2 protein chains.
Amino acid sequence: MQQQQFDQLTTAEKREVERQLHIYMDGAEEVIPPEELRAKLAKSILTGEPLKIKLGLDPSAPDVHLGHTVVLNKLRQFQENGHIVQLLIGDFTGKIGDPTGKSAARKQLTDEEVRSNAETYFQQFGKVLDQNKVELHYNSKWLKRLTLEDVIELAGKITVARLMERDDFEERIALQKPISLHEFFYPLMQGYDSVVLDSDIELGGTDQHFNVLMGRHFQEKYGKEKQVVILMPLLEGLDGVEKMSKSKNNYIGIDEDPHEMFGKTMSLPDSLMKKYIHLATDLEAEDKKRLVKDLETGAVHPRDAKMLLGKTIVTMYHGSKAAEAAEQQFKQVFQQNSAPDNITAVHWQGEETVPVTDLLVTLGLLPSKSEARRMIQNGGVKINGVKAEAIHADIAPEHDMIIQVGKRKFVKLQMPQ
Amino acid sequence: MQQQQFDQLTTAEKREVERQLHIYMDGAEEVIPPEELRAKLAKSILTGEPLKIKLGLDPSAPDVHLGHTVVLNKLRQFQENGHIVQLLIGDFTGKIGDPTGKSAARKQLTDEEVRSNAETYFQQFGKVLDQNKVELHYNSKWLKRLTLEDVIELAGKITVARLMERDDFEERIALQKPISLHEFFYPLMQGYDSVVLDSDIELGGTDQHFNVLMGRHFQEKYGKEKQVVILMPLLEGLDGVEKMSKSKNNYIGIDEDPHEMFGKTMSLPDSLMKKYIHLATDLEAEDKKRLVKDLETGAVHPRDAKMLLGKTIVTMYHGSKAAEAAEQQFKQVFQQNSAPDNITAVHWQGEETVPVTDLLVTLGLLPSKSEARRMIQNGGVKINGVKAEAIHADIAPEHDMIIQVGKRKFVKLQMPQ
């Protein structure tokens, strides 16, 4: 049947399907399954109806960073080809809190908080998405109306064994840690949302694998066409190891100041460059490939590629003028040594890892730890151009590391050979 | 705290608590836990408030037999001491049917069918219970009002591991047979019913162990006093092996004709006598014990004890006059051989097991299998005084077995030595 739809297309239309398919597959970790995505694209072209692409969002206080933009950039590609984005605010879950009362963190949100958070999402997402092609949905609209009878009907469409396949459930069973029965409802609700929204496609990070597949499962059980699932890779943060997140303080926020954004990008480990080029920029697929190839062959120096990456990212969120300025400033301070008189080279002979406050005092940049703490709190300390944020954080001094206090005080570390 | 309540009682009141406790424990397979039952009795005497004893009932078409009366007799004991019976009709479950659509047997009942079945229960139970001390409840009243939010709250109060401990779930997991998630709701609903009804005690057969304990679990989770659970043994039917049930055709219905009831009782295997005396009669505890002891010491002949059992049971459901008559007729035909001319002794040399129809034809009691079938269908064939019901059933001929066709034709089998 899928093949049939495709066969009805003209040659030009078939080429268009393949063109779009190529774009959507690019950078995705998994598409389940690609042939259904092709069929949906064919149908959309035949009927003139845009596809509906769902993204589920937690209604807790949003602070959008580059990690989030991996899926947003993919959504943007769909919009560019005329399709519609369904942003699904999971406010029902947010409003019920944790029934076991165990997780104090999962506090109940009021209707107002939920709406206000959703608006913040909408606003911030506007930096990536075309807001005219976004539908905003709140799942409390249908979930709060479900009765026990509806819930039993829904629960009758899935087995306990299937639910226990979710990685974290499997792990807890193996460790004999309790799973409260209500936890089984979150995947059910996420699946049911897709039934209600008639979503064609649902996007998520690879950590959402199980939950996003629930939509396919329940749409089929309710006699509907199954959504295609596109799983995007998770983006590691500045530390190069952990998934980017606010709580890990390893993020680049899309609302951050251009200089900060550029500096943070320059501090990325080289090993992540390729991934950021693919997932965090809006470069054309061909340009991404060329840049990555040049990096691999050594045709471009990693520092120059990173500079281009930083400029591209800042342009996406602040425009090209701000990006130029950020690059300029960075070059002045860290590369061209345009203010060489201000930068003192200091030989470091201390520990391999020290608290930032200790480092500042040992280097004579500040007279006491308490002043060092205050300066960090006020945002006056930068390491390699990136603001030091956690006053208790440790740091591993490196050769050529530049420590800046206030506007003018700089030192450059020299390590023993 | 439990001890405290008991300590407030006078000596006479304490004695009354112990007297009732003794009655309720008698014949029960398990009381969970006895000390809470004692405390509840003490509280009831202190406050003058009767206890509420819950029995859950399936709303499918009822046909009450002695197997059901095991719990009814126990309920009656509570009523005799002033307590209140809560009959809980599980109509919510009956009305939703099977959401997987797999079990065609679980057809949905209409409101009318449910009410009519409930009335039939009420009427038939009236032969054992005092209808003035019975409350009739339908769980759809509260269950149909539950929303998804309520359900999640309820589900948050129990773990998946706890639910999987139920014997049949454990077994199916071991055999890798699927469990549909909605099946987890039945124990939840049964437990929630006790929360709503503030039941003090719930009765059930030992096969209800898991479900009945749910009431205790959820009452505690909702901050209420926990119900005590009384589990009664299951009564084997006429075959002496399987639990008495209509589908197994091994039952004595409480609406059956007195002669039939008496005859069926006489056909019980001797091995079940003790259990029937304890669970299916309303004899005083002391009388039960004496009769069982006399049986064990041989002071009473098993046939005479069975006669007394039959008379007691018929008296319970039809009165003493009908019981006398039933006994009289049985004696005439089977014991005193008062109509010896009518009973021909026939030597049986056929198979060890034969279809009843074949037996009737072989013995020359009826001319053809089709007439034998017709006679069985019309209720005209009795074996040892018990009506043969299933026309395709097999029978194992025994020495002295009496086969009766119509009012007057009798033969007595003689087996080869």
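This one's a predicted model, so the numbers in the text were calculated from it and none came from an experiment. Hydrogens, waters and symmetry mates play no part in the numbers below; they use all other heavy atoms, side chains included.
Closest approach of A:P178 and B:T159 over heavy atoms only: CB-CG2, 3.9 Å. Closest heavy-atom contact between B:I152 and A:H182: O-CB, 3.5 Å. Minimum interatomic distance between A:A155 and B:S180 (heavy atoms only, all atoms of both residues): O-OG, 3.5 Å.
Residue-environment remark: NZ (A:K246) stays at or below the threshold of 12 foreign heavy atoms within 6.0 Å. Within a 6.0 Å radius of CD in A:E135, other residues, nucleotides and ligands contribute more than 12 heavy atoms. Annotation for A:E170: atom CD counts as buried by contact number, over 12 foreign heavy atoms lying within 6.0 Å. Atom CD of A:Q123 has 12 or fewer neighbouring heavy atoms from other residues, nucleotides or ligands inside a 6.0 Å radius. Other residues, nucleotides and ligands place no more than 12 heavy atoms under 6.0 Å from the NZ atom of B:K144. Applying the 6.0 Å contact sphere to NZ of A:K133 captures more than 12 heavy atoms from other residues, nucleotides or ligands.
Between A:F185 and B:F185, the ring planes are perpendicular. Angles over 60° get that label, and only those under 30° would be called parallel.
Distance check: A:L143 CG to B:T147 OG1 gives 11.0 Å after rounding to the nearest 0.5 Å.
For chain A, the option among B:L188, B:I179, B:L148 with the highest count of heavy-atom pairs below 4.5 Å is B:L148.
Here the side chains of B:V151 and A:L181 are not in contact, with every heavy-atom distance at 4.5 Å or above.
Interface remark: A:L163 contributes side-chain atoms only to the contact with chain B (heavy atom separation under 4.5 Å).
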